[in-house]
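Here is the structure we will look at, set down as structure tokens.
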Number of protein chains: 2
Amino acid sequence: MNGKIFIIEDEPSIIQLVQHNLEKNGFIVSSSVNGNDGLKELKKFQPDLLLLDWMLPDLSGVEICKNIRKDTSYNNLPVIMLTAKGEEEDKIKGLDSGVDDYLTKPFSFNELMARIKAVLRRSNPNTVSDNLKFDDLMLDRIEKRVFRDDQEIKLGPTEFRLLEFFLTNPKRVYSRDQILESVWPNNVNVESRTIDVHIRRLRQSVNLKNKKELIRTVRSSGYSLI
Amino acid sequence: MNGKIFIIEDEPSIIQLVQHNLEKNGFIVSSSVNGNDGLKELKKFQPDLLLLDWMLPDLSGVEICKNIRKDTSYNNLPVIMLTAKGEEEDKIKGLDSGVDDYLTKPFSFNELMARIKAVLRRSNPNTVSDNLKFDDLMLDRIEKRVFRDDQEIKLGPTEFRLLEFFLTNPKRVYSRDQILESVWPNNVNVESRTIDVHIRRLRQSVNLKNKKELIRTVRSSGYSLI
DNA sequence: TTAATTTGTAACAAAATTGTAACATTTGAA
DNA sequence: TTCAAATGTTACAATTTTGTTACAAATTAA
């Protein structure tokens, strides 16, 4: 996933946390610690989404938001408002300030991520959603997470790439050579049997109890999802 | 098989022939008779493959091709170039214009079909199925599965290859020597009688109850599907 | 740095496949 | 009908392939 996100927030700790995590997830991020700077930087940066603190040293989040909506070139910019608990929550909810969503501090990064995705998806459908699905399995390439029926499955890096590879063509049988070529970095030499071990590890993680086997062994040919 | 194919070609007779036959084969087809229209229509139509005439009234095929390769959202579109005989064949071959394959007119529809399949398989393995069918039997080479009337039949590797071999020419009678050559890896020596045993195993798996015999013994000659 | 995780491989276990021999049955020509 | 040749069938040991585990080396995180 790509996308540019701008943050206007005066608490450095929050900026740091959010910015770091968003960048890890493939976003390009920039930020300001007050409203006036923020408005200027914003126009240079041309973000796809704005994270906006409700309370800022100079301007309030609502004022910034109105300002943005006036400018024709930014009046569609999606905005997620960040508020401290008890900070006039109800007002914000009822407010028709053009905010797309809001989030109450303290929040987990996962919550934030979910909101960001939802808002981006609404405003710009084809920049988001990079999920691979098969049966009850879902692999989120952006967040590098895997779920089976909403239950998260933790995978090591190689297992993740392996599953990702299978999911691009589920049901298709891949030989060990094909798997090696596609899943391992070029010019590394690993034994073909190594794949078997990784398949075993992937199976162990992915085959939750009460769930049917997902990986099929095709003797003398390779493996596939099923 | 599904897939969307766009044709840019100024000879109506060719368009008609190709379009009709492709549609009969399950493709969704659209076309233009000149380059400029073609480029516009193309983007709306979002094809999986482009058939492109080398000589067009306005733009040349090469120009169109370059145009396509520039556009990031289409730079992976597979292209098959159609050329009249003698029309600078060599140039085209040597040309690094990003063409995936080319075909010289006049061509048979089967030739075209083969190229299309090959190119699609390369660029997007998923959209092309590669199934062999005979009677109520279906063998899926990609997924390595065999069905008889939707009921899956499990086969060992050799039985699979054996059936695959018969299905490429059903009804034809193959001698044990021919079978050996084609189904067994080169330079292995197995008794001719071994084939009988594998035929027996294949029969056992394939001949579900209430189904007619599929493998015919031709005394002193060999076996065939029937 | 240390600790934790991940990775590749070897070694062994388990399972599936394979080829062949031995015997049974069928076929078709004499 | 008889009988030899061809094919069907079965069982089984050898081989191949895959599953599993353990562990040291390499990588990454803390």
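Just so we're on the same page: letters track the sequence lines, and every chain starts at 1.
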Let me confirm one number: the NZ-CZ distance from A:Lys171 to A:Phe134, rounded to the nearest 0.5 Å. 6.0 Å
Check the distance between D:dT7's C1' and B:Glu213's CD and give it to me in whole angstrom. 13 Å
Of the listed nucleotides (D:dT7, D:dT21, C:dA21), which one gets closest to any side-chain atom of B:Arg219? D:dT7
Evaluate A:Glu143 against A:Arg145 for salt bridge (charged side-chain N to carboxylate O under 4.0 Å, His left out), listing each step before the verdict. CA-CA 5 Å; A:Glu143 298 188 31; A:Arg145 304 208 297 176; 3.4 Å; yes
Any carboxylate oxygen within less than 4.0 angstrom of a Lys/Arg side-chain nitrogen, looking at B:Asp48 and B:Lys4? no
Respond yes when some side-chain nitrogen or oxygen of B:Thr158 is under 4.0 Å from OP1 or OP2 of C:dT18, and no when none is. yes
With DNA chain D as reference, determine whether A:Arg176 or B:Tyr223 sits nearer its 5' end, using the nearest nucleotide of each. B:Tyr223
Is the base of D:dG19 touched by the side chain of A:Arg193 through a donor-acceptor pair closer than 3.5 angstrom? yes
What is the nucleic acid contact for A:Val218, judged by heavy atoms within less than 4.0 Å: base, sugar-phosphate only, or nothing? sugar-phosphate
Starting at atom CD of A:Glu191, determine the distance to atom P of C:dT9, rounded to an integer number of angstrom. 5 Å
Over all strands shown, is A:Phe160 touching base, sugar-phosphate only, or nothing at heavy-atom distances under 4.0 angstrom? nothing
Side chain of A:Arg200 (C-beta onward), nearest among C:dT17, D:dT20, C:dG19: D:dT20
Nucleotide D:dT28, atom P - distance to NZ of A:Lys144 in whole Å: 14 Å
Side chain to side chain contact (heavy atoms under 4.5 Å, CB included) between A:Phe165 and A:Ile179, intermediate numbers included: CA-CA 8 Å; A:Phe165 172 66; A:Ile179 295 173; 3.9 Å; yes
Any B:Thr217 side-chain N or O less than 4.0 Å from OP1/OP2 of D:dG8: yes
Nearest-Å distance for atom pair CD1/C1', residues B:Ile195 and C:dT18: 13 Å
Select base, sugar-phosphate, or nothing to describe what B:Arg201 touches, counting heavy atoms under 4.0 Å on all strands. base
Rounded off to whole Å, could you give me the CD-to-C1' distance for the A:Glu159 and C:dT5 pair? 11 Å
What is the distance from CZ of A:Arg216 to P of D:dT18, rounded to the nearest Å? 13 Å
Can you sort out the partners of A:Glu213 under side-chain hydrogen bond (donor to acceptor under 3.5 Å, both in side chains), two or more places apart, ordered by chain and number? A:Arg203, A:Asn207
Scan B:Thr194 against the nucleic acid and name what it touches under 4.0 Å (heavy atoms): base, sugar-phosphate only, or nothing. base
Report the distance from atom NE2 of A:His198 to atom P of D:dT18, rounded to the nearest whole Å. 17 Å
Taking only side-chain N and O atoms of A:Trp184, does any of them lie within less than 4.0 angstrom of OP1 or OP2 on C:dT7? no
Tell me the interatomic distance from B:Arg203, atom CZ, to D:dT7, atom C1', rounded to whole angstroms. 9 Å
How would you label the contact of A:Gln204 with the nucleic acid (heavy atoms, under 4.0 Å): base, sugar-phosphate, or nothing? nothing
